[in-house]
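Okay, structure first, notes after.
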Amino acid sequence: DCAWRGVGGRSKVFSTMPFVEKADPIPSTLGLVWLLRLRWFAVAGQIAICLVAALVLKIDLPVAILAACIAFTALSNALLSVESWRAQADPDHLVFALIGGDIIVLTVMLYVTGGSHNPFTTFYILHITIAAILLPAWATWAAVALCGACFGLLFTSDSVLGSAGAACHMDMDAHLQ
């Protein structure tokens with residue numbers, strides 16, 4: 001299925017390269033279904049990380065806030081898993097709202113667990129990647145802007161997590177030397 005054409009009497013140029021062609025965008029409903037599945041993994045991962053931090057690493061976590069964030073994600077996922085809820089709304093708008101909400105929930109969780117010093121701040125990149133895959137360009141840029149603003153907000157957090165006998169180190173001077 002290769003098409004060759006001459007260009008101005010010069011050598012032939014390969015005009016169709018199936019491995020380079022832009023793929024069809026993911027249908028909105030399929031993207032929403034996969035996002036909902038991914039969010040269930042996020043809920044399980046958040047619970048597992050909280051349990052390991054509290055029980056194994058003996059870090060004093062703000063359990064009520066973290067539990068509320070996890071419950072919010074689980075509840076919104078459960079509601080959207082019901083077909084009748086999804087049928088009433090535009091899938092693109094739902095995906096956009098879910099990603100935006102997830103960015104805000106991530107920010108709340110990070111804010112109370114060390115702020116910008118929390119290594120899980122890298123999850124902002126995951127949200128941007130998901131937005132780039134599932135959403136149009138304007139919505140992806142909106143997610144980038146929201147992630148940037150939320151990450152900047154983390155620098156105002158004075159959250160210090162304590163663990164058995166020590167406080168998590170908040171002094172960044174060692175990193176700058």
Side-chain angles (χ1 to χ4, degrees), residues 1-5 7 12-50 62 65-157 159:
D1 207 43
C2 299
W4 289 84
R5 59 181 167 86
V7 178
K12 309 264 181 180
V13 176
F14 195 63
S15 65
T16 59
M17 298 171 34
F19 55 89
V20 177
E21 290 179 10
K22 185 175 179 183
D24 292 332
I26 296 174
S28 299
T29 53
L30 180 61
L32 178 59
V33 168
W34 279 102
L35 180 60
L36 292 174
R37 289 179 185 168
L38 184 61
R39 292 177 88 236
W40 284 122
F41 282 111
V43 167
Q46 290 166 352
I47 292 169
I49 288 169
C50 289
I65 295 172
L66 295 176
C69 289
I70 295 168
F72 175 80
T73 302
L75 181 61
S76 64
N77 231 32
L79 287 174
L80 289 171
S81 294
V82 177
E83 191 67 37
S84 62
W85 279 89
R86 286 191 304 213
Q88 295 176 8
D90 176 34
D92 284 333
H93 289 112
L94 279 177
V95 169
F96 182 65
L98 286 173
I99 291 174
D102 288 346
I103 291 168
I104 292 169
V105 167
L106 173 65
T107 302
V108 170
M109 294 177 84
L110 293 173
Y111 192 88
V112 299
T113 57
S116 62
H117 300 275
N118 189 316
F120 291 106
T121 57
T122 56
F123 278 110
Y124 283 121
I125 296 169
L126 176 65
H127 289 85
I128 292 169
T129 303
I130 293 169
I133 292 169
L134 298 178
L135 296 171
W138 69 267
T140 301
W141 284 111
V144 169
L146 181 60
C147 284
C150 288
F151 182 69
L153 179 68
L154 294 180
F155 285 93
T156 66
S157 173
S159 171

Exercise. Does Arg37 count as lying over the ring of Trp34, i.e. NZ or CZ under 6.0 Å from the six-ring centre, within 45 degrees of the axis?
Worked result: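 Yes, cation above the ring, under 6.0 Å and within 45°.
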Please tell me if the side chains of [X] and [Y] come closer than 4.5 Å, counting only heavy atoms from C-beta onward.
{"X": "Ser76", "Y": "Arg39", "answer": "yes"}
{"X": "Leu80", "Y": "Leu98", "answer": "yes"}
{"X": "Ile99", "Y": "Leu146", "answer": "no"}

Rounded to the nearest 0.5 Å, how far apart are [atom1] of [X] and [atom2] of [Y]?
{"X": "Asp102", "Y": "Met109", "atom1": "CG", "atom2": "CE", "result": "10.5 Å"}
{"X": "His127", "Y": "Ile125", "atom1": "NE2", "atom2": "CD1", "result": "12.0 Å"}
{"X": "Cys147", "Y": "Leu106", "atom1": "SG", "atom2": "CG", "result": "7.5 Å"}
{"X": "Asn77", "Y": "Phe72", "atom1": "CG", "atom2": "CZ", "result": "10.5 Å"}

Which pair of heavy atoms, one from [X] and one from [Y], lies closest together, and at what distance?
{"X": "Tyr111", "Y": "Leu154", "value": "N-CD2, 3.6 Å"}
{"X": "Ala74", "Y": "Trp40", "value": "O-CH2, 3.5 Å"}
{"X": "Val43", "Y": "Ile70", "value": "CG1-CG2, 3.9 Å"}
{"X": "Val108", "Y": "Ile65", "value": "CG1-CG2, 3.9 Å"}
{"X": "Thr140", "Y": "Leu135", "value": "OG1-O, 3.7 Å"}
{"X": "Ala143", "Y": "Ile103", "value": "O-CD1, 4.0 Å"}

Exercise. Asn118 side chain to Thr113 main-chain N or O, any donor-acceptor pair under 3.5 Å?
Worked result: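 Yes: the side chain of Asn118 pairs with the backbone of Thr113.
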For this session: Say whether, by atom type as modelled, one donor and one acceptor occur between the side chain of Thr121 and the main chain of His117 under 3.5 angstrom.
Result: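 Checking the backbone N and O of His117 against the side chain of Thr121, no donor-acceptor pair under 3.5 Å is found.
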Exercise. Between Phe123 and Phe120, how do the two ring planes meet: parallel, tilted or perpendicular, split at 30° and 60°?
Worked result: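 Phe123 and Phe120: parallel rings.
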Exercise. If you count the non-hydrogen atoms of other residues, nucleotides and ligands that lie under 6.0 Å from CZ in Phe151, is the total more than 12?
Worked result: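 More than 12 within 6.0 Å, yes.
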